[in-house]
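Counting begins at 1 with the first residue of the sequence.
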Amino acid sequence: MCGRTSLFADRDTLQTRFDVTVPEDYTPRYNIAPGEDLAVITNEAPETIEHVHWGVIPPWGDGPGDGLINARAETVAEKDVFAAAWEARPCLVPSSGFYEWQPRGGHKQPYRVHREDGLFAMAGLWERWTGGEEPLRTVTILTTAANDLMAPLHDRMPVILPPEAESTWLTAEPEERATLCEPYPDEDFEAYEITTRVNSPANDDPEVIKPLEHEQTGLEEFS
């Protein structure tokens with residue numbers, strides 16, 4: 001799954017990488033939680049970055065707090081809450097890396113998962129919620145089966161698009177987009193342990209992504 005992400009590239013890098021206009025109020029984020037705004041590129045406005053609420057609100061939901069942050073790629077077309085967005089509202093969710101937690105006895109160890117050469121795009125769907133005083137645009141991130149890198153951390157991972165498929169995701173018909181919802185090859189990514197600072201969304205700074213320092217620095221210390 002994808003329950004926490006980041007986007008901390010500077011404006012120039014982000015604009016160049018995705019060939020978009022980045023708004024002046026763009027702020028680098030190291031720890032973006034569900035219910036906050038994600039920077040997205042929609043099929044409706046592929047030339048710009050927009051800020052959209054993370055969590056598609058189902059018809060039975062009372063408000064933004066009931067948003068669904070992920071959608072399973074294998075069944076998204078069959079779910080009423082996502083079906084319309086799947087047909088007509090794809091988007092890209094740029095990321096500098098996402099976070100996953102590995103169960104270890106009585107606690108969970110956080111990891112940062114990132115592309116070694118920088119930014120990448122996750123596959124998303126956007127929707128409009130009209131149940132409040134003002135219409136609200138929302139987004140969910142598609143997930144698929146884990147690749148070999150992710151499998152020890154979780155059995156699901158976000159759908160990550162190869163750079164050459166990003167424009168296709170925004171313009172293709174659903175049948176073609178479905179073929180892109182595959183586990184991304186793990187050789188382009190790496191994962192490393194970080195501290196539990198990431199557990200609190202209030203911690204949103206470069207310290208979040210620093211590797212965890214272990215007391216043991218090599219196998220020789222165990223001998």
Side-chain angles (χ1 to χ4, degrees), residues 1-10 13-14 17-18 28-36 38-40 54-55 69-74 91-124 139-166 169 180-222:
M1 63 177 295
C2 182
R4 201 74 66 84
T5 186
S6 65
L7 182 62
F8 49 79
D10 60 53
T13 300
L14 193 55
R17 168 62 177 80
F18 291 102
R29 297 288 311 278
Y30 291 83
N31 195 2
I32 308 171
E36 298 184 320
L38 286 178
V40 305
W54 188 6
I69 65 169
N70 291 153
R72 294 176 68 94
E74 299 90 337
C91 65
L92 302 176
V93 183
S95 179
S96 299
F98 60 94
Y99 306 103
E100 192 53 77
W101 284 257
Q102 182 186 58
R104 288 189 185 173
H107 75 286
K108 292 184 177 181
Q109 173 59 50
Y111 281 76
R112 177 178 180 238
V113 184
H114 70 113
R115 188 178 173 116
E116 297 178 33
D117 60 357
L119 291 164
F120 58 94
M122 299 181 286
V139 61
T140 193
I141 296 173
L142 291 171
T143 68
T144 186
N147 61 19
D148 289 344
L149 175 71
M150 285 295 299
L153 306 179
H154 200 282
D155 61 354
R156 305 289 295 176
M157 67 178 293
V159 173
I160 297 169
L161 298 166
E164 64 272 15
E166 291 166 1
W169 178 259
L180 301 176
C181 295
E182 299 291 334
Y184 194 88
D186 56 13
E187 58 264 22
D188 290 343
F189 279 74
E190 66 178 12
Y192 63 87
E193 295 176 324
I194 56 177
T195 73
T196 54
R197 278 181 54 81
V198 72
N199 292 0
S200 172
N203 297 323
D204 189 10
D205 54 62
E207 293 292 319
V208 169
I209 67 170
K210 285 189 174 181
L212 178 66
E213 295 183 4
H214 290 278
E215 292 183 6
Q216 296 85 5
T217 57
L219 291 175
E220 67 278 358
E221 296 193 14
F222 292 94

Practice task
Look up atom CZ in Arg156 and atom OG1 in Thr143, then write down how far apart they are to the nearest 0.5 Å.
Solution key: 3.5 Å
Problem - Side chain to side chain, Phe98 and Val93, heavy atoms closer than 4.5 Å - result: no
Problem - Criterion side-chain contact (heavy atoms from CB on, under 4.5 Å) against Trp101, the qualifying member of Arg4, Gln109, His107, His154 - result: Arg4
Fill in the blank from the handout: Taking every heavy atom of Pro34 against every heavy atom of Gly3, the minimum-distance pair comes out as CD-O, 3.1 Å
Exercise for the section: Supply the atom-to-atom distance Arg112 CZ to Leu212 CG, rounded to the nearest 0.5 angstrom. Expected result: 14.5 Å
Problem - Between CE on residue Met122 and CD1 on residue Ile141, distance to nearest 0.5 Å - result: 4.0 Å
Exercise for the section: Measure across Ser200 and Asn31 and return the closest heavy-atom pair with its distance rounded to 0.1 Å. Expected result: O-ND2, 3.0 Å
Practice task
Mark yes or no for whether Ser6, through its side chain, and Arg29, through its backbone, hold a donor-acceptor pair below 3.5 Å.
Solution key: no
Practice task
Side-chain contact test, heavy atoms from C-beta onward, threshold under 4.5 Å: evaluate it for Thr195 versus Pro110 and give yes or no.
Solution key: no
Exercise for the section: Ignoring hydrogens and angles, tell me if any N or O in the side chain of Trp54 forms a donor-acceptor pair with the backbone of Ile69 under 3.5 Å. Expected result: yes
Problem - Minimal non-hydrogen separation, Phe18 against Pro94, with atom names - result: CE1-CB, 3.6 Å
Exercise for the section: Measure across Ser96 and Phe120 and return the closest heavy-atom pair with its distance rounded to 0.1 Å. Expected result: C-CE2, 4.1 Å
Handout entry: Interatomic distance, Glu74 atom CD to Leu142 atom CG [nearest 0.5 angstrom]
Key = 9.5 Å
Exercise for the section: Taking all heavy atoms of Lys210 and all of Ile194, pick out the closest pair and write down the distance. Expected result: O-CG2, 3.5 Å
Completion exercise
SG of Cys181 to CD1 of Ile160, rounded to nearest 0.5 Å, is 12.0 Å
Problem - Atom CG of Asp148: over 12 foreign heavy atoms under 6.0 Å - result: no
Exercise for the section: Answer with yes or no whether the side chains of Thr13 and Asp10 bring together a donor and an acceptor at under 3.5 Å. Expected result: yes
Practice task
Indicate the ring-plane relationship of Tyr184 and Phe189, choosing parallel, tilted or perpendicular according to the 30° and 60° boundaries.
Solution key: perpendicular
Exercise for the section: Compare every heavy atom of Ala9 with every heavy atom of Pro28, then report the nearest pair and how far apart it is. Expected result: CG-O, 4.3 Å
Problem - Any donor-acceptor pair under 3.5 Å from Gln102 side chain to Pro152 backbone - result: yes
Practice task
Measure from the ring center of Tyr192 to the ring center of His114 and say whether it is less than 6.0 Å.
Solution key: yes
Practice task
Please examine the side chains of Phe8 and Ile32, heavy atoms only from C-beta on, and report whether any two atoms are closer than 4.5 Å.
Solution key: no
Practice task
Could you tell me whether a side-chain N or O of Thr144 sits under 3.5 Å from a main-chain N or O of Val159, the two making a donor and an acceptor?
Solution key: no
Problem - From CG (Leu7) to OG1 (Thr5), nearest 0.5 Å - result: 7.5 Å
